K.L.:
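Have a look at this one.
Excluded from the calculations below are hydrogen atoms, water molecules and symmetry mates; all remaining heavy atoms, backbone and side chain alike, are included. In what follows, every chain begins at residue 1, and chains take the letters A, B, ... in the order their sequences are listed. Because the structure is a prediction, the values reported are computed rather than measured.
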There are 2 protein chains.
Amino acid sequence: MSDVTSTETASILLVDDDHDVLGANARFLRIAGLDVLIADGATTALQRLTEHSIDIIVTDLRMPDRNGIEFAREARQMQPLIPILFFSGFAQVNDVVAAMKLGAVDFLEKPVDPEELLARLLTIKETHRGAIALQRTAFDIADDSVAFKSRVLAYEKYLIESSLHQHDGRIGCVLKALKINRRTLNEKMTRLGIVRTTTE
Amino acid sequence: MSDVTSTETASILLVDDDHDVLGANARFLRIAGLDVLIADGATTALQRLTEHSIDIIVTDLRMPDRNGIEFAREARQMQPLIPILFFSGFAQVNDVVAAMKLGAVDFLEKPVDPEELLARLLTIKETHRGAIALQRTAFDIADDSVAFKSRVLAYEKYLIESSLHQHDGRIGCVLKALKINRRTLNEKMTRLGIVRTTTE
DNA sequence: GTCAAATCGGCAAGTTTTTGCCTATCCAAC
DNA sequence: GTTGGATAGGCAAAAACTTGCCGATTTGAC
C-alpha cells in the first residue's frame, strides 16, 4: 500500500537552518523517491506553504528567525491538519511537550539519521494519508469555501477514513470504534465521498 | 450534555512510588479541594481504576512494577477518554514523545511543584470537562457517538478558539476568517463553552 | 442452491442546527 | 447625551442531520 514510487509521492517541506544538513537530507529523501522542498528558516517555510502543496512538514525546533513551535502554530493555521515532525538537538522536555501538544506527529533527536527520518516519513504518510489527501482537495477547491464548515467536514472525512484504514475497511469495527450509528456513518461516507477500499 | 453528578470536584488518581512525595502532593491537592486517590505503583493504580470513578490520572513515568507508558496503555484500555498527566525526573525525549503519542495531556518534570501541578490539573479539568462528563455518564446513557462526535466537537472548538486567538478576540474578524454566520458562531461558542477573551 | 453475516440505501419521523429579523447592551467618539 | 460600531441573544422558519425500519445485495461457507 505504501508505494513510494507511484504518482502518490508526498510533498515534504524540510526546514533547517543548517544548509549542509538540509541539503544532505533533502538529497537522501529525494533519492528515496520523495518530493522534497526545502527552506532555511520559518519565514521561507511559511512562504513555501503558500506557494506549494505540502503534505508533511519536517522542521528543526530551533531556528534563527523563529521558534519552531511558533512556526508550527502559524503553519497549522494555514493548514490545520498537516502532519508536522520536529527534530532538535537540544530539546528540553518542555519543548517536546509543547511540540506534541501542538499536534506534532513525531519528534526526532539531532543528529537525524536519514534512514530513520525516511522510515518515520513513510509511516506518517501511511497513517495520515487520509488527512493528506483531504488537505490536497480541501485547499484546491474554491477557496471561498475553505471555511469553518469545510474544515470540519475535512476533519470528519479524515477521521472516518483513518478509522476505516485502521480497521482494514471493516465497517462494523469502525462503527464500534467511532461509536457512531451505522446509518449515520453511511450517510456521512456518501456525503463526504468516502469509498470503502478493503484489500490493500 | 447533562451533568449527572452532584459533586463538581474531579477525582484525581495520583501514582508515585515515592511515598513521601506522594503523601505531600496528595495532601496539597486535597487542601486545594480536589478529591485525590493515591497509588504507589501501577498495579495498585489499575486496581483503583476498577474500584473508583477516576477523572484524571497523574503518574510517574518510572515505577518499580511497571513502565509508566505501559501502565497508561492499560489504563486507557479501561477508560479510553481519561486524561493522563505524566511526570518524571529523568525523562528522555523518547519517553516524552511516547507518552504524548499515547495521548498524555501534559508532562511535568520532577520535582513537581505542587502549585504547578494544581494549576495544570485545574486546566485539564476545565479543558476536558466534556470528556470527564462523558466518562462519568458512560454507563448511564446509551452510548451515543461519543468518539466521533466528541472529536469533531473538539476540533470545532479548536478551530474557533485558535481563530479567536489569532484575531485577538475580535468576533468580526473570526466571522470573516471562518466564513461562518454570526448567529451560528454565537451558538457554537455557547454550546462548546467558549468564552471570548481579549488579550491583555 | 441455501443460509448467515455484513453492508447498503430508500423512506419518513424525530432532532438539531442554521439563520434572518429584530431588539438590547456596551463603549468609545463627538 | 447622542451616535455609530461591535456583539449578544430571543424567536421561529427553514435546512440539515440522525436514525429506526425494512428490504436488497454481496460474499463465503456448507
K.L.:
Specify the separation, in whole Å, of atom CG of A:N181 and atom P of D:dC21.
P.N.:
11 Å
K.L.:
For the helix from C:dG1-D:dC30 to C:dC30-D:dG1, figure out the bend between the end axes, five pairs an end, and round to 10 degrees.
P.N.:
30°
K.L.:
Between atom CZ in B:F148 and atom P in D:dC17, what is the gap in whole Å?
P.N.:
12 Å
K.L.:
Let me know the distance between CG of A:L178 and P of D:dT19, rounded to the nearest Å.
P.N.:
13 Å
K.L.:
For the pair made of NZ in B:K179 and C1' in C:dT18, what is the distance, rounded to whole Å?
P.N.:
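Taking atom C1' of C:dT18 as the reference, NZ of B:K179 is at 19 Å.
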K.L.:
What residues form a side chain to side chain donor-acceptor pair (under 3.5 Å) with A:D60, not counting sequence neighbours?
P.N.:
A:K110
K.L.:
Quick one, B:L34 and B:R30 - any side-chain contact, counting heavy atoms below 4.5 Å?
P.N.:
no
K.L.:
Is the distance from OP1 or OP2 of C:dT18 to the nearest side-chain N or O of B:K188 less than 4.0 Å?
P.N.:
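Checking C:dT18 against B:K188, a side-chain N or O does come within under 4.0 Å of OP1 or OP2.
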K.L.:
Please check if the side chain of B:T190 supplies one atom and the backbone of B:N186 the other of a donor-acceptor pair under 3.5 Å.
P.N.:
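Side chain of B:T190 to backbone of B:N186, a donor-acceptor pair under 3.5 Å: yes, one is there.
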K.L.:
Assess, by modelled atom type and distance only, whether the side chains of A:S11 and A:D35 contain a donor and an acceptor separated by less than 3.5 Å.
P.N.:
yes
K.L.:
How close or far is atom P of D:dT18 from atom NZ of B:K149, stated in whole angstroms?
P.N.:
6 Å
K.L.:
Please answer whether the main-chain N or O of A:A39 pairs with a side-chain N or O of A:R48 as donor and acceptor at a distance below 3.5 Å.
P.N.:
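Here the side-chain-to-backbone pair does not exist.
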K.L.:
Look only at the side chain of A:S163 and the backbone of A:L159, and say whether a donor-acceptor pair between them is shorter than 3.5 Å.
P.N.:
no
K.L.:
Does the distance from a Lys or Arg side-chain N to an Asp or Glu carboxylate O, for A:D95 and A:R62, drop under 4.0 Å?
P.N.:
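Answer for the salt bridge query: yes.
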K.L.:
Decide if atom CZ of B:R27 counts as having more than 12 heavy atoms of other residues, nucleotides or ligands within a radius under 6.0 Å.
P.N.:
no
K.L.:
Distance check needed: D:dT19 C1' versus A:R191 CZ, whole Å only.
P.N.:
12 Å
K.L.:
Write out a two-atom table: protein N or O, nucleotide N or O from nucleotides 7-9 of chain D, distance below 3.5 Å.
P.N.:
{"residue": "D:dT7", "atom": "OP1", "partner": "B:I171", "partner atom": "N", "Å": "2.9"}
{"residue": "D:dT7", "atom": "OP1", "partner": "B:G172", "partner atom": "N", "Å": "3.4"}
{"residue": "D:dT7", "atom": "OP2", "partner": "B:G172", "partner atom": "N", "Å": "2.9"}
{"residue": "D:dA8", "atom": "OP1", "partner": "B:R196", "partner atom": "NE", "Å": "3.2"}
{"residue": "D:dA8", "atom": "OP2", "partner": "B:N186", "partner atom": "ND2", "Å": "3.0"}
{"residue": "D:dA8", "atom": "N7", "partner": "B:R182", "partner atom": "NH1", "Å": "3.1"}
{"residue": "D:dG9", "atom": "O6", "partner": "B:R182", "partner atom": "NH2", "Å": "2.5"}

K.L.:
Are side-chain heavy atoms of B:F148 and A:T184 found at a separation under 4.5 Å?
P.N.:
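Side-chain contact under 4.5 Å: no.
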K.L.:
Rounded to the nearest Å, what distance is computed from the CG atom of residue B:L185 to the P atom of nucleotide D:dA6?
P.N.:
16 Å
K.L.:
Which whole-number value in Å describes the distance from B:E187 CD to D:dA16 P?
P.N.:
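Whole-Å distance recorded here is 17 Å.
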